[in-house]
Novice: 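I am attaching a structure below and will ask some questions about it afterwards.
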Amino acid sequence: MSERTLVLVKPDGVKRGLVGEVISRIERKGLTLAALELRTVERSVAEEHYAEHKEKPFFGELLEFITSGQVVAIAVDGPRAIAAFRQLAGGTDPVEKATPGTLRGDFALETQFNLVHGSDSPESAERELKLWFPDL
Ligand SMILES: Nc1ncnc2c1ncn2[C@@H]1O[C@H](COP(=O)(O)OP(=O)(O)OP(=O)(O)O)[C@@H](O)[C@H]1O
């Protein structure tokens with residue numbers, strides 16, 4: 001059964017010219033692109049996107065970071081797309097958790113600047129896709 005997930009290339013990935021690398025790995029895995037947009041994120045969208053982290057000590061920094069530059073939002077389709085992209089991304093901490101061969105394992109050093117976001121469950125995917133691609 002096909003699923004849809006929301007992927008973001010965060011501002012660090014866009015600034016470093018890694019959008020192509022992320023898209024290439026998504027496509028090589030066999031996943032397909034349903035929608036793609038380069039945009040800046042309004043603070044309200046960022047707050048809603050990361051609502052589950054509202055009480056965390058890093059919430060303020062996270063909002064600053066995600067609104068600090070352009071992001072690429074991508075709706076990605078495929079069988080088990082949610083888990084498949086999380087596998088491509090690697091663990092949240094790019095050094096302790098992400099293994100080489102993953103996007104974060106290969107290209108990131110710090111937990112905050114970990115290059116990509118991928119929805120972590122069908123419920124998150126549905127919520128996030130509505131937020132980022134309301135017309136899809
Ligand atoms: N301890 C931390 N310090 C700074 N930033 C953090 C920390 N933990 C998480 N973050 C930031 O918040 C984001 C969301 O954290 P979460 O635990 O949901 O990780 P994730 O699901 O792997 O990442 P994402 O939701 O971006 O895909 C992380 O990707 C990272 O950018």
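Everything numeric in this text was worked out from a predicted model, so none of it was measured. Order of appearance sets the numbers: ligands from 1, and atoms from 1 within every ligand. Because only heavy atoms are used, hydrogens play no part in the values below, and waters and symmetry mates are left out as well, while side chains stay in.
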Novice: Identify the protein heavy atom lying closest to atom 1 (N) of ligand 1, giving its residue, its atom name and the separation to 0.1 Å.
Specialist: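 The closest heavy atom on the protein side is F58 CD2, 3.8 Å.
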
Novice: Between R127 and E123, is there a side-chain N and carboxylate O pair less than 4.0 Å apart?
Specialist: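 Answer for the salt bridge query: no.
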
Novice: Taking atom CG of L33 as the centre, does the number of heavy atoms from other residues, nucleotides or ligands within less than 6.0 Å exceed 12?
Specialist: yes

Novice: Quick one: which ligand 1 atoms are inside 4.0 Å of a heavy atom on N114?
Specialist: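 Counting from 1, the qualifying ligand atoms are 28 (C), 29 (O), 30 (C), 31 (O).
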
Novice: Among all the protein's non-hydrogen atoms, which is closest to atom 26 (O) of ligand 1, and how far away is it?
Specialist: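 Answer, as residue, atom name and distance: K10 NZ, 2.9 Å.
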
Novice: Below 4.0 Å, non-hydrogen atoms only: which portion of L62 touches ligand 1? Side chain, backbone, both or neither.
Specialist: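 The answer is the side chain.
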
Novice: With backbone taken as N, CA, C and O and side chain as the heavy atoms from C-beta onward, which portion of R86 lies under 4.0 Å from ligand 1: side chain, backbone, both, or neither?
Specialist: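 Answer for R86: side chain.
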
Novice: Among V7, L31, T5, which one satisfies side chain to side chain contact (heavy atoms under 4.5 Å, CB included) with I74?
Specialist: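 Single side chain to side chain contact (heavy atoms under 4.5 Å, CB included) partner of I74 among V7, L31, T5: V7.
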
Novice: Same cluster for V76 and L103 if Ile/Leu/Val/Met/Phe/Trp/Tyr side chains link at under 4.5 Å?
Specialist: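 Yes.
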
Novice: Taking 4.0 Å as the limit for heavy-atom contacts, which would you say applies to E61 with ligand 1: side chain only, backbone only, both, or neither?
Specialist: neither

Novice: Determine whether the side chains of Q87 and K29 contain a donor N or O and an acceptor N or O closer than 3.5 Å.
Specialist: yes

Novice: May I ask you to identify the nearest protein heavy atom to atom 27 (O) of ligand 1, giving residue, atom name and distance to one decimal place in Å?
Specialist: H117 ND1, 2.8 Å

Novice: Ion pair present between R25 and D106, side-chain N to carboxylate O less than 4.0 angstrom?
Specialist: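 Between D106 and R25 there is a salt bridge, with a charged N closer than 4.0 Å to a carboxylate O.
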
Novice: Run the salt-bridge test on R43 and E64 with the 4.0 Å N-O cut-off and return the result as yes or no.
Specialist: yes

Novice: For atom 16 (P) of ligand 1, which protein heavy atom lies nearest, and how many Å away is it?
Specialist: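 Looking only at protein heavy atoms, the one closest to atom 16 (P) of ligand 1 is H53 NE2, 3.6 Å.
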
Novice: Mark up the atoms of ligand 1 that fall under 4.0 Å of a heavy atom belonging to T92, in ascending order.
Specialist: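 Reading through ligand 1 atom by atom, the close ones are 19 (O), 20 (P), 22 (O), 28 (C).
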
Novice: Say whether E52, considering both its backbone and side-chain N or O atoms, lies within less than 3.5 Å of an N or O atom on ligand 1.
Specialist: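 The answer is no, given that E52 and ligand 1 share no N or O pair closer than 3.5 Å.
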
Novice: Heavy-atom contacts under 4.0 Å between T111 and ligand 1: side chain, backbone, both, or neither?
Specialist: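 Both of them.
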
Novice: Any nitrogen or oxygen of G118 lying under 3.5 Å from a nitrogen or oxygen in ligand 1? Just yes or no.
Specialist: yes

Novice: Can you name the ring-ring contact (aromatic ring centres under 6.0 Å, His included) partners of H117, sequence neighbours left out?
Specialist: H49

Novice: Considering only Ile, Leu, Val, Met, Phe, Trp and Tyr, and joining two whenever side-chain heavy atoms are under 4.5 Å apart, list the other residues clustered with F113.
Specialist: F65

Novice: Please state which part of R104 comes within less than 4.0 Å of ligand 1, counting heavy atoms only: side chain, backbone, both or neither.
Specialist: side chain

Novice: Indicate, as side chain, backbone, both or neither, the part of Y50 found under 4.0 angstrom from ligand 1 when only non-hydrogen atoms are considered.
Specialist: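 Near ligand 1, Y50 shows its side chain, while the N, CA, C and O stay back.
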
